[in-house]
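Report on one structure; see the data block that follows.
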Amino acid sequence: MSPRLAELERLEREHVMSTYVRQPVDFVRGEGCTLWDDEGREYLDFLAGVSVLNTGHCHPAVVAAVREQAGLLMHVSNLFYTEPAMRLAQRLTERSLGGRVFFTNSGAEAVEAALKLARKHRAGGEIVVVHGAFHGRTYGALSATPQESKQAPFAPLVPGFVVVAPEPEALRAAVSERTAAVLLEPIQGETGIHPLPVEVLQAAREACDAAGAALIFDEIQCGMGRTGTLWAYEQVGVVPDAMTLAKGLGGGLPIGALVTGPALAGVLEPGDHGSTFAGGPVACAAALAVLDVLDDPALLERVRELGLRLAEGLRELPEVASVRGRGLMLAVELADGGALELVRRALLEQRLVLNATGPTTVRFMPPLVVSDAEVDDALARLRATLA
Ligand SMILES: *Cc1c(COP(=O)(O)O)cnc(C)c1O
């Protein structure tokens, strides 16, 4: 361990709340799919900051946009107009649901905005969510995240959430005139990359239509090109009434968004919601540059091809019982567990950055600009770790 890393560990121990279990690496630089630590060692990044660096580390176009905007105007407040925010809102709605945008600084805040919108759309209405969901750590988002270990220490939570199995029958039974919204991740990310079956999403759509409830997709992890289309919903043929975005949207800067279709575009009115930093010009300029890179049919087709290449390679590895996911949002199920140890050894011995979502599941989400050679390199490093 470098003296510098030892010092950082000491600072963390003394001054940082211990909410994270960090790996013993101090990254100082990134470019594309490559990271460097404080001693100049090179790493291959197949986590992308948990699907944040979809354009890769320090994409030149994103860096240039940030530099330029930071030198012009960094913040002015939502009491005024700035061009990056208005252009980004236009770009997002025209390329997705056709309604309007509320900007936020994070994923959880985008979920909070969605919950407020849903409750205003149907006063006092219930929010239906499914087992295995993850929607964030703030109170509303946590109340929509039915995981005992995450919720229990923080009770009482926000009332009015209904949790059902991610199955067509269960959703049909749960949705009624009392329902404000059904909130779903088309592909559940944090709990191990579980794509919800198309029948489940269709049943949710039909039940919401019949009951006048809003269908909201949380695309914070599966959106922004991650699955090989700009939005995950494009591949399942079910269009939501609203969706939440964050993670990959800012190319590394913190920004989120709630995007609606036309029906919900006017629900939130002056005074209903707000955020000091949200929609700031630097983050929005970054997001516009990110969309220039990702909203490209050739790149998205590459994501689907490389996803198949990676999945095929993973299936051939010893210890791998199954592979799940879509595009470059993949996970493997290990036959004998040991995922946390595998991830640690891959990092320290093979300099491959991965993440375990649980004791048997390893997640793969490289930058979308990854090359064939880098996919093969990751597979070789993983094979070496397993050997
Ligand atoms: C990461 C994530 C969130 C929370 O986003 P934060 O920016 O960490 O608040 C919400 N929903 C999904 C699907 C996520 O993957």
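First listed ligand is number 1; within each ligand, the first listed atom is number 1.
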When distances are taken from atom 7 (O) of ligand 1, the protein heavy atom at minimum range is G107 N, 2.8 Å
What atoms of ligand 1 come closer than 4.0 angstrom to any heavy atom of D218?
10 (C), 11 (N), 12 (C), 13 (C)
Quick note on ligand 1: atoms under 4.0 Å from a heavy atom of A108 include exactly 4 (C), 5 (O), 6 (P), 9 (O)
Atoms in ligand 1 with a heavy atom of Q221 nearer than 4.0 Å
15 (O)
Ligand 1 versus H135: contacting region, heavy-atom distance under 4.0 Å:
backbone
Examine distances only and state if a side-chain atom of S77 and a backbone atom of L79 form a donor-acceptor pair shorter than 3.5 Å.
yes
Could you tell me if T361 and E333 have a donor-acceptor pair between their side chains, going purely by distance under 3.5 Å?
yes
Which ligand 1 atoms does K247 reach within 4.0 Å, using its non-hydrogen atoms?
1 (C), 2 (C), 3 (C), 14 (C), 15 (O)
Strictly inside 4.0 angstrom of atom 11 (N) of ligand 1, do you find any protein heavy atom?
yes
Derivation of the ring-ring contact (aromatic ring centres under 6.0 Å, His included) call for F154 and Y139
CA-CA 9 Å; F154 306 103; Y139 260 102; 7.1 Å; no
State the OG1-NE2 distance between T104 and H273, to the nearest 0.5 angstrom.
8.0 Å
Mark yes or no for whether E9, through its side chain, and R13, through its backbone, hold a donor-acceptor pair below 3.5 Å.
no
Heavy atoms, side chains only, cut-off 4.5 Å: are R91 and L288 in contact?
yes
For E185, take its heavy atoms, then give the atoms of ligand 1 lying under 4.0 Å from any of them.
13 (C)
